[in-house]
Structures are given as C-alpha cells and as structure tokens.
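Okay, so here's the structure we're looking at.
Predicted model only: the values in this text are computed from it and were never measured. Heavy atoms only: backbone and side chains are in, while hydrogens, waters and symmetry mates are out.
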Amino acid sequence: MIGAGDFLKVCLAEGFSFYTGTPCSYLKPIINYVIENREFNFIDSTNEGNAVAMAAGAVMAGKRSVVMFQNSGFGNAVNPLTSLNNTFRVPLLLIITLRGEPGGPQDEPQHELMGQITITLLESMKIGWTWFPDTADQVIPALKKACDFMVNEQLPFAFVMKKGSVEPYPLNAPKATKRGLSLVHSNSEHTCYDRQQRPTRHQALKVIQSLSEDKTAVVATTGYTGRELCAIEDRRNQLYMVGSMGCALSLGTGVALNKPKVNVMVIDGDGALLMRTGAMATTGAYAPDNLIHILLDNEAHESTGGQKTVSGQISFPLIAQGFGYPHVFSTDSLEEFKRYINQAIKKKGPSLIHLKTRQGVPEHLSRPSQTPVQVKEQFMLYLKEH
C-alpha cells in the first residue's frame, strides 16, 4: 500500500496535471488528493466516455492527462478509446479499478463479469497496461513503463488498481466549480420558417468559417459536419471528428479549459448531442469563458440515412439554461445566427447557439484528404502556437 502523494508527486514531475473521471471507492484517495492540491486540475465528468474525450482535448492542448474510473464503467469509455484515441493516436494515462477481481475480495454481483474481462478488453483494444504500484519503489519504474508506451505507441496506457492499493486520504477542502447557476442572457427557442425554408448545414458552416478568426479553434462533430467544413476550406485550426459520436463537446471543453486564450467553437449535431447530453453539465459547471457551443439541429441522423431524432420534441435552449450556460441563443435565421456568433465571441462563459437547419448534403461531397492523425497533428501545432 502506498500514499496517494507517493504516486501523484511522481506523476506531476512527469507533467501529468490534468485529471478527470468518475468516482470509485478504490480511487477515493487519488481523487481526494488531486482535488485538494492546487498543482492538479481535477474536472468531474458525467461519465467515463466523456472523461476520456475531455482528457483527449487536454492532451491536444498540450497537457498530459489522467482519466480515472472503475471497470464497471469501462463500457462507457470503449467508444472514444477505440474511435477517438486510437484513430487519432491520442495517448493518455488511465487508472482503472478492478472491481469483481477473480479470486479477489467479495464484491457486488454487477462487477463479476467485468472483473473477469477487464484485462482482455484492454489487450483487445491495444491499450498497454500494468498493475497499479502498491509500494513506493514501484512507482517510478511503473510510470516509466507507461510513459514509454504512450510516447512510442501514441496510445493510452492503463494502471489496473486492486482494492487496498492506496492509503486513505480524507477530503477536507474540496475546490468549488467556477460558477453557480447564473443566467446572464437567455433566449427561448425561436423559429419562424417552415422546415424547407431553413438554412442548410453547409450555409451555416460557411458563416462559421467566415467568423472563426486565427485565435479560434474549431471542433466539428462526426458525420457530414466535419466533411463539409473541410470541403469548404481545410484549415489547421479545425479538427474533424470521426467516430466517437457525441464526444465533440467534451473534447472541446478539454481544449478550452487548457487554452484559455484561444476561442474554441464546438460544432455539434442534434443526434450527437442527444447521445451524450450530460457533457453539457460539465461544460456549464466548469464554465470555460472561451467556449462557444454551436448546435446545428436538423432533427435527423442525416449521415446514416435521415432517420429522425427526437430533437423536434425537446428544447435544447432550455436544457442549456438548466445546465448553467450563461448565454443561450436559438434561431432558424442565418442572419440571426451570424449576429449571435458575433455576440457570443464578445461574451464570457460558454454560449449555446442553437440553429434549426434543414436536411441536405452537397453533391459529390469529399472526405478530408489527410488522415485523422495528420489532422490532429496540425491542430495540435496550431494550439501550441497560440
């Protein structure tokens, strides 16, 4: 058994200062330590997959990052680990607790199967792993093994933690999130056009590009959104998500929190946002001043054949207000959309700009000519320079 500081001080010396994840009783000393000590930045996530995506954004912004969760939530992280971190080659450090360890201490029945397959899952997903160190002399070689793997493979590495690996560490003075619920400006959902008169996604993306200056990093959700944005003009300040549906906001939040001088625009879709709506809670709570969340809502999964989403029956502006976004705008007018972006750029705090669009895809739409890794590398270089 080691002290939380024995492990975390070595991590800090290696540059691991950004931490996120979800709680587990095994992880309590580690989480409590990073919450209490200001050298670390801990962001509470609504689920394990969102934590992985947010940490990936932090890594792209130049911060070595750690994601912590118990193996019962491993399933929530499989999608971004395989279709974001693997596809774009984004290394990060995982600490995964081994609940339901075969032959280990008695645990709840829901952990039994995951306890049996955790290691197999890691190996199948090409994630390096070793046991979490339980003596102080193991920490440096274990972390060296992890760092060497992440540098050489550009993939995540996991410490698998057994029960009782870390001494208790009580939480005495938790840090508060940045701001409480405070609506500086709100605009209820506003539409005035019939569906077929609404602007297209392509028209909206042209407006976004015309207003995204050199100090604006743009993260585009998967599907047609990223492809169309790239086809209009490929820029190094643009990241085109592929796969990892619903993770754009978490990734953009990770970038925004770690690059406060860079404006960050996240271009989302209704289907993607519905898949991981809880990410809005984290964005609203930690409230990066430099983030604009743009939602292009055509009420359909267009890239898979136009199947309807349920967005026609819900109000994203009300959801954003409930999650603490201080600035919320909604329209189906391209002119108002342009005006709202200009307003949001001048405001502090995350803004949601909700634009109702109609379906439609440009003919002969191309795909990005660069690989996802090349797109990531030019995006990271852009962020490093800003």
Side-chain angles (χ1 to χ4, degrees), residues 1-2 4 6-8 10-11 14 16 18-35 40 42-56 58-59 64-86 90-105 107-108 110-134 138-139 142-143 145-150 153 155-166 169 244 247 250 254:
M1 184 180 292
I2 61 173
D6 295 333
F7 176 76
L8 290 167
V10 177
C11 288
E14 290 293 333
F16 292 96
F18 185 85
Y19 289 71
T20 183
T22 58
C24 172
S25 58
Y26 294 11
L27 286 168
K28 182 165 60 175
I30 300 292
I31 293 177
N32 288 354
Y33 191 98
V34 297
I35 289 175
F40 303 96
F42 177 73
I43 306 296
D44 181 54
S45 182
T46 51
N47 71 40
E48 296 80 3
N50 291 346
V52 168
M54 185 159 47
V59 169
R64 277 189 154 181
S65 302
V66 180
V67 179
M68 304 176 282
F69 53 83
Q70 63 177 254
N71 59 346
S72 62
F74 196 176
N76 287 329
V78 167
N79 177 261
L81 284 170
T82 55
S83 63
L84 172 57
N85 292 83
N86 186 282
V90 182
L92 49 83
L93 188 63
L94 306 171
I95 304 175
I96 303 175
T97 60
L98 188 59
R99 304 300 299 266
E101 177 189 355
D107 211 330
E108 299 295 328
Q110 67 268 23
H111 300 308
E112 182 178 353
L113 177 58
M114 188 56 81
Q116 296 169 5
I117 66 174
T118 294
I119 303 303
T120 302
L121 279 175
L122 288 169
E123 292 175 345
S124 298
M125 295 163 60
K126 301 181 180 179
I127 295 173
W129 75 276
T130 192
W131 299 111
F132 188 90
D134 58 7
Q138 294 175 350
V139 174
L143 197 59
K145 179 179 180 178
C147 291
D148 287 347
F149 179 90
M150 288 187 286
E153 303 297 329
L155 290 171
F157 185 94
F159 284 127
V160 180
M161 178 188 285
K162 297 184 179 183
K163 186 175 184 179
S165 296
V166 188
Y169 189 93
S244 54
C247 290
S250 292

Would the number of heavy atoms belonging to other residues, nucleotides or ligands and lying under 6.0 Å from CD of Q110 be above 12?
yes
Find the distance between [atom1] ([X]) and [atom2] ([Y]) and round it off to the nearest 0.5 Å.
X	Y	atom1	atom2	result
L92	F16	CG	CZ	9.0 Å
E101	I119	CD	CD1	9.5 Å
F18	I43	CZ	CD1	5.0 Å

Can I get a per-line list of side-chain donor-acceptor pairs under 3.5 Å for residues 64-76, giving both atom names and the distance, sequence neighbours left out?
from: R64; atom 1: NH1; to: E14; atom 2: O; distance (Å): 2.9
from: S65; atom 1: OG; to: K63; atom 2: O; distance (Å): 3.0
from: Q70; atom 1: OE1; to: S72; atom 2: OG; distance (Å): 2.4
from: N71; atom 1: OD1; to: R99; atom 2: N; distance (Å): 3.1
from: N71; atom 1: ND2; to: R99; atom 2: O; distance (Å): 3.0
from: N71; atom 1: ND2; to: T118; atom 2: OG1; distance (Å): 3.0
from: N76; atom 1: ND2; to: E48; atom 2: OE1; distance (Å): 2.8

When you measure from the side chain of [X] to the backbone N and O of [Y], does any donor-acceptor pair fall under 3.5 Å?
X	Y	result
N50	S250	no
N85	V90	yes
S165	K162	yes
S83	S244	yes

Side chains of F157 and K145 in contact at under 4.5 Å (non-hydrogen atoms)
yes
L155 and N86, any side-chain heavy atoms less than 4.5 Å apart:
yes
Option among D134, L98, V166 that satisfies the side chain to side chain contact (heavy atoms under 4.5 Å, CB included) test with M161:
V166
Mind checking whether F159 and F7 have ring centres under 6.0 Å apart?
yes
Scanning both residues in full, the closest heavy-atom pair of P156 with I127 reads O-CG2, 3.4 Å
Looking only at non-hydrogen atoms, find the nearest pair between A51 and T20 and report the distance.
O-CG2, 3.4 Å
Please list, chain by chain and in numerical order, all residues satisfying side chain to side chain donor-acceptor pair (under 3.5 Å) with N47, sequence neighbours excluded.
R276
Across all chains, not counting sequence neighbours, the side chain to side chain contact (heavy atoms under 4.5 Å, CB included) partners of T82 are V78, M125
